[in-house]
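Structure first, then comments.
Side chains included, hydrogens not; waters and symmetry mates left out as well; all remaining heavy atoms used.
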Amino acid sequence: MKPQLTRPLLRTLAGVVACSAMAQAIDPSMNADMPPSANGMAGIDLLHRAASSQGPITTPGVTRNLTTAYDAVEAYLEQGRFAEADRLAANVAGSGLANLNTAWRGQMERQLNAIRNRVTTMQGGMPCYTPDPKAPIDIPSRYTIWANAELDYQNLSGYNALSGYKLHSLGGTAGIAMPVGQELTVGAAFTGMSGRMSSRGYGSDASGNMNAYYANIFARMDHDCWQHSLIATAGWADIRFNRHVAIPGAAYTTHGSTNGLGLAVMYEVARTYRISGDSLQSAWWQPVMNVSYIHSQVDGYTEGWSDAGLRVGKQESNNVIFGLGARMQAVVGEDLLNTPAIMETRLLGKAITGARHGKAEVSLPGVAGASSVHGSAPSALGVEIGIGFNIPLGVKCGGIVTDINAEFFGNYRSVNGTLGYRIDF
């Protein structure tokens, strides 16, 4: 954008939108098609700064789209099409970028849940009772190795003028668990996930890849009727994101890449109770409480291929998640499978504390000043449900482990499925 393109109208864009918002607040019938948003104001602010500056540095081979975007927003405002101006300005500001750390935080929580479910289902929960002779496990447990494939889906819906995202991931885990004495089991696992993310909604049209790798360690102590589990996960993500901005008669695409880092810890405690009744002699249930701490961050980066590419600041969040509920385990399937299997079902209420909204500071390279864009956020309260099976294949033949787990937080849902093989030695 050249300095001479600064026009009196652009210097009043922010004032036009602010006045429209005030008028609508006083009388809702006025400017009813104008939904002034924080993300739209961020885009207008960026355009205003660019036009008022000496102009971004011109780089050979970089497509110049900023002037086109400026002219389109200006034309919308001149025509009184405030809603279109707001939506386009939000897209210019990269509102969908605010969801990157939100999605990464969700992946860190998924990883904690997946390791917890795997360890619990494989080892059962009967330390304070004489093991059922039909149960496919022995207590204390033996050395166990396992590998499983995993499929995951996340969907955060947008609301008002905030966009959400969808993330599909496919990967797998390999791990080992080993006994340390009669009560303690420790282990480690490595997970790799390949993900495809998209952000579609108000002022956002973006997609890209989120490939992640996790190192996990865990410990489980079975003392009397009590079961204590501790899981720690360190994660690293390779994120590549592309934004598409559609302008009347034109369009441009920007490309950016960055890394995500995460650290998550979960502590869970449960107590085992035998379920009485002739038909439930091989069943037990556990009241469960857990607490998780998740630190996630996405590093800053600069988009390329366009002079409208953004410099995106670091995104970071710290959250504590509480879970309270119960799970039931039972020896099932002897008639159907001709072998006893452990089935586990779980139901927990969840609560998220800490900042849940995504936020990113964005600016134009070569232009002073930055603006904030915001993404959607999951509700603070939700529920987790799941079911898993540990199916033995015979003496010294190992077994199949499988699990389906889902979380629902109002406008957010996550569904995770695993299928794998375990063997004791």
Side-chain angles (χ1 to χ4, degrees), residues 97-119 146-156 165-177 186-197 208-219 229-241 256-268 290-301 312 314-321 323 350 352-356 358 360 375 378 384 403 405 407 412 414-418 420:
L97 299 173
N99 292 318
L100 291 179
N101 186 62
T102 304
W104 176 226
R105 180 186 66 200
Q107 284 291 284
M108 291 298 299
E109 183 187 6
R110 173 207 58 78
Q111 185 63 22
L112 283 179
N113 292 339
I115 297 297
R116 177 208 59 190
N117 295 340
R118 183 61 54 248
V119 174
W146 86 89
N148 66 260
E150 186 167 351
L151 182 65
D152 183 71
Y153 170 72
Q154 291 184 38
N155 186 347
L156 177 64
Y165 71 88
K166 292 181 180 180
L167 176 61
H168 301 78
S169 299
L170 176 65
T173 296
I176 182 171
V186 300
F190 177 80
T191 301
M193 299 290 289
S194 176
R196 182 67 180 174
M197 179 179 173
N209 298 322
M210 180 178 288
N211 300 324
Y213 308 91
Y214 309 86
N216 317 275
I217 57 175
F218 57 87
S229 299
L230 182 64
I231 302 162
T233 294
W236 178 83
D238 176 25
I239 302 171
R240 300 178 185 276
F241 216 53
S257 62
T258 185
N259 297 322
L261 297 174
L263 176 64
V265 180
M266 173 189 285
Y267 168 72
E268 182 174 273
N290 59 45
V291 58
S292 304
Y293 166 76
I294 299 177
H295 168 79
S296 62
Q297 68 180 55
V298 172
D299 295 338
Y301 64 100
V312 185
K314 179 180 177 181
Q315 303 175 47
E316 188 173 12
S317 65
N318 294 279
N319 297 93
V320 177
I321 303 174
K350 306 287 285 287
I352 304 176
T353 65
R356 293 173 289 111
E384 176 186 352
D403 190 274
N405 202 69
E407 290 190 335
Y412 170 80
S414 172
V415 181
N416 177 263
T418 62

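- Every side-chain hydrogen bond (donor to acceptor under 3.5 Å, both in side chains) that N318 has, sequence neighbours left out, goes to Y293, H295.
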### Task
Kindly indicate, with the supporting measurements, whether the criterion side chain to side chain contact (heavy atoms under 4.5 Å, CB included) is fulfilled by L230 and V265.
CA-CA 7 Å; L230 182 64; V265 180; 4.0 Å; yes

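- Side-chain N/O atoms of Y412 and E407 include no donor and acceptor closer than 3.5 Å.
- Within the structure, every pair that satisfies the salt bridge (charged side-chain N to carboxylate O under 4.0 Å, His left out) test and touches residues 146-155, not counting sequence neighbours, is listed here: R110-E150.
- Closest heavy-atom contact between I176 and W146: N-CZ3, 3.6 Å.
- A donor-acceptor pair shorter than 3.5 Å can be found between the side chains of E384 and N405.
- Taking each heavy atom of L263 and M108 in turn, the nearest pair found is N-CE, 3.8 Å.
- No side-chain heavy atom of L112 sits less than 4.5 Å from a side-chain heavy atom of N216.
- Here the straight-line distance linking atom OH of Y153 with atom NZ of K166 works out to 4.5 Å at 0.5 Å rounding.
- No side-chain donor-acceptor contact under 3.5 Å links R240 to the backbone of N209.
- Remark: the backbone N or O of N148 is not paired with any side-chain donor or acceptor of T173 at under 3.5 angstrom.
- A distance of 6.5 Å separates CG in L170 from CE in M193, rounded to the nearest 0.5 Å.
- Nearest heavy-atom pair across M197 and L167 is CB-CD1, 3.7 Å.
- Closest approach of P378 to L156, counting heavy atoms only: N-CD1, 3.6 Å.
- Distance check: Q107 CD to T102 OG1 gives 12.5 Å after rounding to the nearest 0.5 Å.
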### Task
Applying side chain to side chain contact (heavy atoms under 4.5 Å, CB included), run through F241 and M210 and close with a yes or a no.
CA-CA 8 Å; F241 216 53; M210 180 178 288; over 6 Å; no

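- Closest approach of A355 to S317, counting heavy atoms only: O-CB, 4.5 Å.
- Side chain of T353 to backbone of V320: a donor-acceptor contact under 3.5 angstrom is found.
- When side chains are defined from C-beta on, R116 does not count as touching F218, because their heavy atoms never get closer than 4.5 Å.
- For the 3.5 Å distance criterion, the side chains of D403 and T418 fail to qualify, holding no donor opposite an acceptor.
- One finds the OG1 atom of T258 at 6.0 Å from the CD1 atom of I239 (value rounded to the nearest 0.5 Å).
- Atom NZ of K314 sits about 10.0 Å away from atom CG of N101, to the nearest 0.5 Å.
- With N99 contributing its side chain and G375 its backbone, the two residues share no donor-acceptor pair below 3.5 Å.
- The side-chain hydrogen bond (donor to acceptor under 3.5 Å, both in side chains) check on S292 picks up nothing, with sequence neighbours excluded.
- Counting heavy atoms of neighbouring residues, nucleotides and ligands inside a 6.0 Å radius, atom CG of L261 exceeds 12 of them.
- Scanning both residues, L97 and V312, for their nearest heavy atoms gives CD1-CG2, 3.5 Å.
- To the nearest 0.5 Å, atom CZ of residue R356 and atom CG of residue N319 are 9.0 Å apart.
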